[in-house]
Chemist: 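If you scroll down you'll find the structure; I have some questions about it.
A note on names: the letters A, B, ... follow the listed sequences, proteins ahead of strands, and every chain is numbered from 1. What you see is a predicted model; the values in this text were computed from it and never measured.
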Amino acid sequence: MATTTTDTDPAQAQGTDSPVSRPSDRLTHDDYRELLLQLYLARYFDVRLIKEKKRGRLRGTLYSSHNQEAILVGSLYGLEPMDWISPIHRDMPAFFLKDFKAGWENPDRMGMSIEEVCSQVWGKATSPGRARDNWSHIGSKAKRIIHSTSMLAGTIPAATGVTLADRLNGLNTIAMTFNGEGSTAQGVFHEAINFAAVEKLPVVTIIENNQWAYGTPTHYEYALEDFARRADGYGIPGFVADGQDVIDVYDKVMMAVEHARSGKGPSIVECKTFRAYGHGDHDDDRADRYRPEEEVVEGRKRDPLHVLKERMISMGILTQEEADKHPAENKGAGEVTDADFPPKVVEYLTKGVQFAIKAPLPDETEGAMWVFKED
Amino acid sequence: MATTTTDTDPAQAQGTDSPVSRPSDRLTHDDYRELLLQLYLARYFDVRLIKEKKRGRLRGTLYSSHNQEAILVGSLYGLEPMDWISPIHRDMPAFFLKDFKAGWENPDRMGMSIEEVCSQVWGKATSPGRARDNWSHIGSKAKRIIHSTSMLAGTIPAATGVTLADRLNGLNTIAMTFNGEGSTAQGVFHEAINFAAVEKLPVVTIIENNQWAYGTPTHYEYALEDFARRADGYGIPGFVADGQDVIDVYDKVMMAVEHARSGKGPSIVECKTFRAYGHGDHDDDRADRYRPEEEVVEGRKRDPLHVLKERMISMGILTQEEADKHPAENKGAGEVTDADFPPKVVEYLTKGVQFAIKAPLPDETEGAMWVFKED
Amino acid sequence: MAATAVGTEKKNYLTALKEAIAEEMARNPHMICMGEDIGALGGAFGVTDGLIAEYGRERVYDMPISEATIVGTACGLCLNGKTVMVEMQFIDFISCGFDQIVNMTATYHYRTAGDVSMPMVIRGPAGAYGGGALYHSQMNEAWFANSPGLKIVCPSTVYDAKGLMKAALRDPNPVIFYEIKDLYRRREIEEVLPEEDYIVPLGKARVAREGDAITIVSYGQNVYHCLKAAENLESEGYQAEVIDIRSIVPLDEETIIESLKKTNRLLVVNEAPMTCGFAGEILSRMTEKAFEYLDAPPMRITRMDTPVPWVKPLELYVLPSVEKITAGALKLIKY
Amino acid sequence: MAATAVGTEKKNYLTALKEAIAEEMARNPHMICMGEDIGALGGAFGVTDGLIAEYGRERVYDMPISEATIVGTACGLCLNGKTVMVEMQFIDFISCGFDQIVNMTATYHYRTAGDVSMPMVIRGPAGAYGGGALYHSQMNEAWFANSPGLKIVCPSTVYDAKGLMKAALRDPNPVIFYEIKDLYRRREIEEVLPEEDYIVPLGKARVAREGDAITIVSYGQNVYHCLKAAENLESEGYQAEVIDIRSIVPLDEETIIESLKKTNRLLVVNEAPMTCGFAGEILSRMTEKAFEYLDAPPMRITRMDTPVPWVKPLELYVLPSVEKITAGALKLIKY
Ligand SMILES: Cc1ncc(C[n+]2csc(CCOP(=O)(O)OP(=O)(O)O)c2C)c(N)n1
Ligand SMILES: Cc1ncc(C[n+]2csc(CCOP(=O)(O)OP(=O)(O)O)c2C)c(N)n1
Ligand SMILES: [Mg+2]
Ligand SMILES: [Mg+2]
């Protein structure tokens with residue numbers, strides 16, 4: 001009953017015999033430029049936080065999304081404003097990238113402002129959750145971002161719930177959850193996907209397969225060549241995307257989104273990528289205990305910024321000169337400087353950071369508030 | 001990486017190009033006669049308990065295995081004495097049928113005696129667990145039967161654990177768990193099968209797909225034509241058996257067992273069957289609320305006793321006259337009498353029942369014992 | 001089909017719960033029911049009987065056997081504006097959805113500084129004394145009492161069953177609702193219910209019997225054991241006050257303290273295991289807040305720290321009984 | 001590689017735990033370790049560092065992120081003769097394996113009338129005060145204290161960390177072992193450990209400081225808050241006795257009662273939520289068993305009934321502190 005594929009041919013993926021056409025065929029040159037900017041934004045957010053953290057200005061753990069940005073950017077790009085998302089620890093940029101198309105500074109867009117996200121990172125009262133829980137455990141009912149706990153895969157059931165409610169209310173939205181490949185071993189992953197399949201709920205499960213779950217390699221996590229094949233066991237489609245290529249991610253995710261939006265139910269999109277740094281910043285110096293250097297070098301070879309630029313050059317959307325103007329790609333967080341990024345990107349983030357730094361801490365007595373809602 | 005099949009062709013199932021041969025080809029005529037006797041035993045155990053329950057001599061709930069006996073008998077028949085099993089609520093006969101080949105009365109066989117099983121059902125001190133927990137929540141470390149809780153699918157992780165311990169100790173055993181198709185929705189089912197696949201643990205998961213989980217039909221439980229396809233998502237083989245045909249069950253299960261025994265890891269065997277009565281005896285009068293009568297008539301058409309007899313007649317192992325001598329097949333628990341069963345079967349069970357009735361209750365103070373082991 | 005109370009007919013505890021849920025479904029178009037076998041079957045005990053016929057699968061979901069996802073889906077529904085009644089087929093199976101309750105649902109309002117509320121009731125048949133053995137007898141409310149953000153309720157009367165269920169279904173917070181399955185069809189406790197809509201507010205105890213010799217505090221089925229013990233005590237010349245707290249979280253401390261002012265003796269009875277059970281919590285709060293009124297060491301009679309064994313004599317041995325309560329109360333009174 | 005204590009070198013809490021596990025692995029060929037990232041990484045905090053190099057995947061398993069199956073597999077291993085150390089990466093994640101612990105593992109010995117024992121230690125980093133927020137700060141021992149069949153341990157000193165871990169790994173019962181992650185590398189508490197093998201038996205409290213003015217009972221990191229408060233009290237002329245119970249189940253009641261006989265005042269301090277927490281359990285047991293020695297209402301200072309919030313001022317606001325303990329103790333002393 002399920003149409004599944006590991007192939008990059010969308011026609012085959014959709015099980016139709018329509019001429020080969022990809023969702024990305026509809027992207028304009030402006031879309032490509034926007035995607036490139038968003039990749040810069042995600043990258044800059046990450047390296048900026050790495051630096052702020054090194055300077056001791058941040059608490060908590062930073063789970064770098066370096067080298068994995070194409071997954072977030074490509075997945076979020078095709079969503080409608082009213083769609084739900086559920087990002088987890090490695091997805092901090094997703095909070096502001098949601099509905100970014102609606103205009104970076106547009107207060108009505110259905111994503112968080114950079115001020116809100118930075119306030120959360122800095123633990124300030126101006127965070128949407130008033131910094132009661134840390135880092136990625138943020139969300140917004142109004143902006144349709146599900147708040148996660150630390151318990152991995154724990155929001156997939158909530159994603160089924162929010163879409164069910166929308167369906168009952170006559171809204172044709174989807175929910176997109178982001179998950180590391182390791183998280184999929186949790187029982188609740190299975191339970192929720194199974195129920196979504198039964199109920200044909202529009203839940204798109206993005207797997208960021210970065211080859212490692214903390215210190216554990218994939219062959220200790222599951223026994224499949226392509227993780228996407230897990231979908232076969234639920235009778236739902238499973239797609240494989242090149243997680244370094246924002247366009248391939250967009251294509252595969254949009255197939256999943258269209259499948260969901262047309263009432264056919266859930267699916268899984270495996271995006272193959274590689275974790276650039278340690279599991280968290282505390283692990284940067286320890287990751288070589290379990291991860292061979294060659295693998296790291298190999299895994300970081302295809303920087304998503306570089307991959308997109310190459311594509312744009314070959315399509316005539318970008319000149320080599322333009323591409324070289326902001327050479328952030330293929331540089332570690334320690335090497336890259338603000339000059340490697342478009343000024344617009346640096347400005348945007350800097351504004352958020354400065355807002356957060358100046359924002360007030362919540363008052364200590366808030367610790368005892370909101371345990372219950374008083375009616 | 002996985003070899004999976006929904007086909008009955010074992011050569012294809014095993015992915016080899018050996019000539020078509022089935023595990024059952026090695027069964028002797030005596031094996032067939034033994035299988036028939038075991039089917040009678042399982043059936044008689046069930047109808048006898050239904051009667052005892054109706055007479056008010058039993059407490060707790062009886063989950064009838066009527067019409068599903070071929071699954072237990074066919075699955076257990078190929079096991080080695082040191083193999084582990086984990087039966088659940090609908091599998092009461094499995095406790096004594098394990099290693100039954102070793103001789104019904106053989107005190108050393110690696111299954112429970114009928115006296116032990118009946119003692120458990122009657123809640124007596126002679127139960128292996130001293131009747132501290134009810135009905136199917138029985139087991140034996142010595143006889144290698146895992147004790148279940150009520151929480152469905154909850155023993156699959158334990159099955160992975162016991163086989164892992166055996167492997168470390170150099171024993172090539174397997175563990176066979178029995179599960180209703182509904183139970184597979186539990187998270188722990190996924191977690192344990194996934195880990196077994198990673199570690200190539202010899203865990204054979206038997207799914208007794210009787211089309212209903214209490215009052216819920218399969219289309220609300222999962223979204224697959226053949227449940228066995230769930231195996232594809234783990235990269236392990238999934239087999240489909242005709243659960244009314246003890247020989248087909250034996251064949252498919254033995255493929256799974258051989259796969260496991262040869263170090264290739266876990267698999268799933270879906271045995272398609274139909275629940276003859278209500279979910280439990282308390283539900284017998286209510287099941288028609290949710291289950292159309294036609295479906296029940298249809299589902300009970302192929303009595304496993306009848307199917308095996310037909311096979312044996314066509315193979316010349318049984319004459320029609322012999323087959324008709326004990327016509328227990330195609331009769332409800334209310335219609336069938338002791339005369340419909342081979343006397344040996346009635347005797348064996350009766351001995352167990354009488355033993356249990358006479359056995360003492362545990363002393364009330366045992367309620368407070370064995371919370372901890374004192375060392 | 002929403003049942004309208006006839007006003008003269010006596011009803012049982014089960015019917016009270018059923019009516020409460022049906023009336024709330026009728027009242028609140030955003031209310032959804034989820035659970036195993038709650039549709040055509042009407043649930044293992046029939047509490048949701050008739051709902052699927054009235055509302056269909058739009059609002060009544062027969063769920064796969066996935067407690068974690070049932071709770072988690074309900075959480076998503078609440079996040080998106082719905083009110084959800086979740087049935088656990090037996091409250092014992094709540095352990096399979098534990099993380100989704102204590103970490104995801106209970107904390108949602110807290111984590112979001114009040115932005116998101118969780119109007120969810122997780123209810124199910126609970127309690128021992130019926131031969132249900134280890135996994136069909138639990139009272140596991142203490143796990144949730146130690147998990148901030150959850151309200152917990154356990155009615156013992158037919159009136160309270162209906163009124164508390166309605167209050168719970170209107171509460172904006174997640175409520176764990178313990179239904180005593182042994183009371184579902186108990187004839188002796190049947191009651192005529194008001195015809196009009198009513199609620200019993202969470203957090204208000206009920207004085208089930210007045211007295212001045214000792215305060216016996218309990219909830220659920222144990223309330224009846226306490227009342228029987230009170231009769232025994234009466235025959236010995238002592239009037240026991242029996243308080244049914246009804247709400248575990250929040251707890252009505254005032255009613256207990258007021259009682260202790262006149263009785264000066266406290267006995268708490270609870271069928272859950274002793275250690276870290278709610279009986280101990282009541283003892284602690286009263287020694288902290290009413291120490292000066294206590295003339296004797298407060299006492300609790302609970303299940304021993306054991307699971308609930310299957311066979312009757314064993315089961316009764318480890319549980320509170322009328323005899324144990326009577327003896328305990330007498331010891332306190334004579335202290 | 002099993003570390004041999006040098007006898008002069010001071011060691012930290014983490015090293016003590018690491019040595020205990022390594023020495024037990026060497027001593028018991030049937031011991032297995034399971035957990036997430038415990039192999040090449042050596043665990044999130046390094047407690048299992050070196051084990052995989054010594055024993056390989058035969059005895060040290062990097063497990064998928066499946067807490068329920070980690071515990072359940074360990075249960076099967078124990079059923080089949082092994083001893084298992086299970087690491088929870090943070091004790092908070094134990095909620096994901098909850099059913100397998102409380103229903104499958106804890107009751108196994110009971111259900112089988114003693115036939116099957118479960119020599120399993122489930123251990124992990126626990127406790128607040130470190131900015132870990134809701135899901136990296138929990139002390140959830142009360143859930144397990146209310147689930148019969150589990151022992152529960154929480155060391156506060158380096159010596160006890162090693163001795164209790166060894167005792168736990170030799171105990172035939174399942175033990176939940178709370179390691180205070182804030183103490184892992186705390187310099188001030190480093191100790192020289194005995195060279196020879198030793199254990200600290202489960203169920204024996206430690207008098208951390210002698211005194212006669214008040215008995216302050218605690219465990220884990222709060223012991224240090226209590227000791228600091230005791231210094232404050234000393235400067236006001238009062239000698240507080242501080243008892244570190246070390247074992248939560250079983251509890252050494254005698255040591256507390258003995259202390260109350262001389263101090264007549266009880267204060268219990270615990271960073272877990274108040275309601276149904278173990279502080280209340282100690283209060284209850286002491287009011288039941290030592291009422292006559294109590295000259296003032298026993299008091300507990302616990303976390304408020306809230307989750308642990310992230311940001312420092314909020315976190316400290318809801319937790320016990322030296323100031324709160326000092327003030328509470330003074331109030332009791334002056335009662
Ligand atoms: C239920 C649960 N168990 C354990 C952890 C601890 N933990 C946090 S992240 C992580 C690894 C996650 O790996 P993966 O899902 O692949 O995501 P990645 O970090 O690689 O992006 C672990 C084990 C957790 N957060 N939740
Ligand atoms: C975790 C859990 N949830 C719910 C139940 C209640 N329950 C007992 S049997 C059953 C239906 C099981 O269906 P299936 O697995 O198909 O087995 P069958 O009874 O059909 O043989 C349910 C819901 C349970 N025992 N455990
Ligand atoms: Mg990963
Ligand atoms: Mg079934």
Chemist: Find the one option among C:L134, C:D305, C:V308 whose heavy-atom pairs under 4.5 Å with chain B are most numerous.
Modeler: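 Looking at each of C:L134, C:D305, C:V308 in turn, C:L134 comes out on top.
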Chemist: If I measure from the heavy atoms of chain C, does B:T216 come under 4.5 Å with its side chain, its backbone, both, or neither?
Modeler: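 Both parts, heavy atoms under 4.5 Å.
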Chemist: Does the side chain of B:S150 reach to within under 4.5 Å of the side chain of C:H136, using non-hydrogen atoms?
Modeler: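 Answer yes - side chains close enough.
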Chemist: So which residues of residues 48-68 of chain B are in contact with chain C at a heavy-atom cut-off of under 4.5 Å?
Modeler: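 B:R59, listed by number.
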Chemist: Quick test of your reading: applying salt bridge (Lys or Arg N to Asp or Glu O under 4.0 Å), list the pairs with at least one residue in residues 85-100 of chain C, sequence neighbours left out, ordered by first then second residue.
Modeler: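 Every salt bridge (Lys or Arg N to Asp or Glu O under 4.0 Å) pair that includes a residue of residues 85-100 of chain C, provided the two are not neighbours, is C:E87-C:R123.
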Chemist: Taking all non-hydrogen atoms of both residues, which atom of C:W310 and which atom of B:V121 are closest, and how far apart?
Modeler: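 For C:W310 and B:V121, the tightest heavy-atom pair comes out as CH2-O, 3.6 Å.
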Chemist: Would a distance-only check, ignoring hydrogens and angles, find a side-chain to backbone donor-acceptor pair under 3.5 Å from C:S66 to B:A185?
Modeler: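 Yes, C:S66 side chain to B:A185 backbone: donor-acceptor pair under 3.5 Å.
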Chemist: Can you tell me how far CG of C:D62 sits from OH of B:Y290, rounded to the nearest 0.5 angstrom?
Modeler: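 If I round to the nearest 0.5 Å, the distance is 11.0 Å.
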Chemist: For atom NZ of B:K141, is the number of surrounding heavy atoms from other residues, nucleotides or ligands below 6.0 Å larger than 12?
Modeler: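 Yes, because the 6.0 Å sphere around NZ of B:K141 holds more than 12 heavy atoms from other groups.
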Chemist: Among the options C:E36, C:Q89, C:M63, pick out the one with the most heavy-atom pairs lying under 4.5 Å from chain B.
Modeler: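 Going by pairs under 4.5 Å, I would pick C:Q89.
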Chemist: Show the nearest heavy-atom pair for residues B:R289 and C:A40, with the distance to one decimal.
Modeler: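 So the minimum-distance heavy-atom pair works out to CB-O, 3.9 Å.
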Chemist: Given a strict heavy-atom distance threshold of 4.5 Å, which part of B:E221 is in contact with chain C: side chain, backbone, both, or neither?
Modeler: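 Contact with chain C is through the backbone of B:E221 alone.
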Chemist: Pick whichever of C:T306, C:T69, C:V311 has the most heavy-atom pairs under 4.5 Å with chain B.
Modeler: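 Counting heavy-atom pairs under 4.5 Å, the top option is C:V311.
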Chemist: Given a strict heavy-atom distance threshold of 4.5 Å, which part of B:W212 is in contact with chain C: side chain, backbone, both, or neither?
Modeler: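 Neither; nothing under 4.5 Å.
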Chemist: Give the interface residues of residues 268-285 of chain B toward chain C, defined by a heavy-atom separation under 4.5 Å.
Modeler: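 Under the 4.5 Å heavy-atom cut-off, B:D283 qualify.
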Chemist: Check this for me: does any side-chain nitrogen of one of C:D49 and B:R286 sit under 4.0 Å from a carboxylate oxygen of the other?
Modeler: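 Salt bridge flag = no for B:R286 with C:D49.
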Chemist: Where along residues 313-329 of chain C does a heavy atom come under 4.5 Å of chain B, listed by residue number?
Modeler: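 So far as heavy atoms go, C:P313, C:L314, C:Y317, C:V318 are the residues that approach chain B to under 4.5 Å.
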Chemist: What residue in B:V188, B:N134, B:L361, B:L152 has the most heavy-atom pairs under 4.5 Å with chain C?
Modeler: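 Counting heavy-atom pairs under 4.5 Å, the top option is B:N134.
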Chemist: For the pair B:E364 and C:K312, evaluate side-chain contact (heavy atoms from CB on, under 4.5 Å) and give the outcome as yes or no after the intermediate values.
Modeler: CA-CA 8 Å; B:E364 61 170 14; C:K312 206 82 195 168; over 6 Å; no
Chemist: With only heavy atoms counted, which part of C:S95 is less than 4.5 Å from chain B, the side chain, the backbone, both or neither?
Modeler: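 For C:S95, side-chain heavy atoms alone lie under 4.5 Å from chain B.
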Chemist: Please find the pair of heavy atoms, one from B:A368 and one from C:M304, that lie closest to each other, and give the distance.
Modeler: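 Smallest interatomic distance, heavy atoms only, reads CB-SD, 3.6 Å.
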Chemist: Quick one: of B:T149, B:D363, B:T184, B:D133, who has the most non-hydrogen atom pairs under 4.5 Å with chain C?
Modeler: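 Result: the option with the highest number of such pairs is B:D133.
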